[in-house]
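Worksheet: one structure, shown below.
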Amino acid sequence: MSLTEHPLILAIESSCDDTSAAVLKGTQVLSNCIATQKMHARYGGVVPELASRAHQQHIVTVVKAALDTANIAKKDLSAIAFTKGPGLLGSLLVGVSFAKSLAQALHIPLIEVNHMQAHILAHFIDDAHPNPPSFPFLALTVSGGHTQIVQVNAPDAFVLLGQTLDDAIGECFDKSAKVLGFSYPGGPHIDQLAQMGNPNAFELSIPSVAGLNFSYSGLKTQFSQLVRKHNLKNPDFVSENKNDLAASLQHTLVSSLVLKALKALEQTGIRQLALGGGVAANSGLRAALRSVAQEKGFDIFIPELRYCTDNAAMIGISAYFKYLKADFSDLSVNAQARYSVQL
Ligand code: KG4
Ligand code: ZN
C-alpha cells in the first residue's frame with residue numbers, strides 16, 4: 001500500500017456524550033460534525049446507558065454529514081480513525097465497531113487514537129492557531145473527566161507530570177453549578193455568572209496537593225456545605241448571591257490551575273503552555289493564563305474553542321501523525337475505558 005503525504009482521514013469520536021465525525025486532509029479540517037446529547041441535562045450528568053444508545057442512533061447520520069460537508073466519497077478515504085479510550089466503555093464501543101467495519105469494508109488502514117493525546121494534538125490543526133507550539137511543550141488538559149499536566153516531547157511522546165487524584169475540574173464546575181440549581185453541563189453557567197460577581201466575596205480554599213497533582217472533591221464539598229449552611233438561615237441565599245458564589249468558586253478553581261501550571265513550567269524549564277479540554281472555554285481561565293504568561297514571559301496557546309471541547313477533528317489530527325509513521329491498528333483492537341495519556 002502506498003502512503004500519501006496529505007491523507008484523507010475520516011475520524012470518529014464517541015468517548016462520552018458527543019457523537020462526532022470529521023474529515024481531514026493532512027492537517028486541514030474539511031468537516032467536523034457533532035451531535036451533542038441533550039438528554040443528560042435532566043439527570044445532572046452523563047448517563048452511560050443512554051449515551052451509548054444515543055451514539056448508536058447518531059453515528060450513521062453524523063458520519064454521513066461529515067463526508068457530505070467535506071464533499072468526499074468513502075472510496076477516496078485514506079484511513080479511518082477512532083477514539084480507543086479513555087471514556088465510557090459503552091460509548092467507545094460504538095465508535096470502535098463502526099470504524100472497524102468501515103475500514104474493513106473499504107480495505108483501508110484503521111488508526112486508534114488516545115482521547116487525551118488528541119486534546120493536546122488539536123493544537124496542530126491548521127486553523128486552531130496562527131502558530132502551533134513547538135516540541136517540547138507543556139499541556140494543561142482540563143475537562144469534565146480529566147485534569148492533567150503533560151510534557152509533550154513529540155506527537156508520540158507524552159510524559160504525565162500530574163493529574164487529579166479524585167474529581168476532574170469540570171466535574172467540580174458541574175456539580176457546584178447543580179448546587180446553584182443549574183443543569184448539566186454547569187461550567188458555562190458558572191462562567192457567565194462569575195463575570196458579574198466578586199471573586200473575593202466567599203472564601204474557599206485552593207486545594208493543597210503535593211507535586212503537580214490536583215484534587216477537587218474537597219473543594220466541591222466545601223462549596224456545597226457553604227451553600228447549605230447559608231440556606232438554612234436564608235432560603236433566598238442562592239438567588240441573592242449567585243454571581244458572587246460563581247465568581248468565588250471560579251476564582252479558586254482558576255487559581256489552582258495557574259499555580260500548578262507555573263510550578264510545572266518552573267520545574268521543567270519549558271516556556272510554552274498549551275491549554276485544552278472543555279474547561280479551556282472558561283473565560284476567567286483564559287484571561288488569567290494570558291495575563292500570567294505576559295507577566296512571567298512564557299507563551300500560552302489556546303486553540304479555537306471548537307477544538308477544545310470533544311470533537312472528531314482532534315482525533316483526525318492525531319491519526320494524521322500516526323499515518324505518517326504507518327502506525328496502524330489491526331482488527332483485534334478494542335475500546336479501553338482506562339487509557340493513560342502516557343503509553
Ligand atoms: O472536553 P469536554 O467537552 O468533555 C469531556 O469531559 O471530555 O469537557 C466538558 C466540560 C464540562 O465539565 C463543562 O462544564 C466544561 O467542560 N465547560 C466549562 C465551560 N465550558 C465547558 N467549564 C467552565 N467554563 C466554561 N465556559
Ligand atoms: Zn474530552
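Start at 1 and go down the list; that is how both ligands and their atoms are numbered. The figures that follow rest on heavy atoms only: side chains count, while hydrogens, waters and symmetry mates do not.
- Under a 4.0 Å criterion applied to the non-hydrogen atoms of Gly170, ligand 1 contributes the atoms 12 (O).
- With a heavy-atom cut-off of 4.0 Å, His119 touches ligand 1 through its side chain alone.
- Judged by distance alone, the side chains of Asn334 and Gln336 never bring a donor and an acceptor atom under 3.5 Å apart.
- Remark: Ile12 CD1 to Leu102 CG distance equals 6.5 Å, nearest 0.5 Å.
- Checked by atom type and distance alone, the side chain of Lys220 never pairs as donor or acceptor with a backbone atom of Ile169 at under 3.5 Å.
- Numbered from 1 in the order shown, with element, the atoms of ligand 1 that lie under 4.0 Å from a heavy atom of Asp191 read 24 (N), 25 (C), 26 (N).
- Polar contact check, Asp310 against ligand 1: a nitrogen or oxygen pair lies under 3.5 Å apart.
- At least one N or O atom of Asn282, backbone or side chain, sits closer than 3.5 Å to an N or O atom of ligand 1.
- Polar contact check, Gly144 against ligand 1: a nitrogen or oxygen pair lies under 3.5 Å apart.
- Ligand 1 has no N or O atom lying under 3.5 Å from any N or O atom of Phe173, backbone or side chain.
- A donor-acceptor pair is defined here as one N or O able to donate and one able to accept, closer than 3.5 Å; no such pair exists between the side chain of Gln28 and the backbone of Leu30.
- Residue-ligand proximity, Gly145 to ligand 1, at heavy-atom distances under 4.0 Å covers atoms 6 (O).
- Here is the list of ligand 1 atoms found below 4.0 Å of a heavy atom in Gly187: 14 (O), 18 (C), 19 (C), 22 (N), 23 (C), 24 (N), 25 (C).
- Residue Ala281 approaches ligand 1 through these ligand atoms, each under 4.0 Å from one of its heavy atoms: 20 (N), 26 (N).
- Using a distance-only test at 3.5 Å, with no hydrogens or angles considered, no donor-acceptor pair links the side chain of Ser14 to the main chain of Thr19.
- For ligand 1, the atoms closer than 4.0 angstrom to any heavy atom of Pro185 are 13 (C), 14 (O).
- Residue Asp174 touches ligand 1 through its side chain alone, judged by heavy-atom distances below 4.0 Å.
- Between the side chain of Gln222 and the main chain of Ser205, a donor-acceptor pair closer than 3.5 Å is present.
- The side-chain hydrogen bond (donor to acceptor under 3.5 Å, both in side chains) check on Asp18 picks up Thr36, with sequence neighbours excluded.
- Partner of Pro185 under the side chain to side chain contact (heavy atoms under 4.5 Å, CB included) criterion, out of Asp174, Ile190, Asp17, Val279: Asp174 alone.
- Ring orientation note: the planes of His230 and Phe237 are close to parallel, at an angle under 30° on the 30°/60° scale.
- Around the Zn ion (ligand 2), protein N, O or S atoms at less than 2.8 Å number 3.
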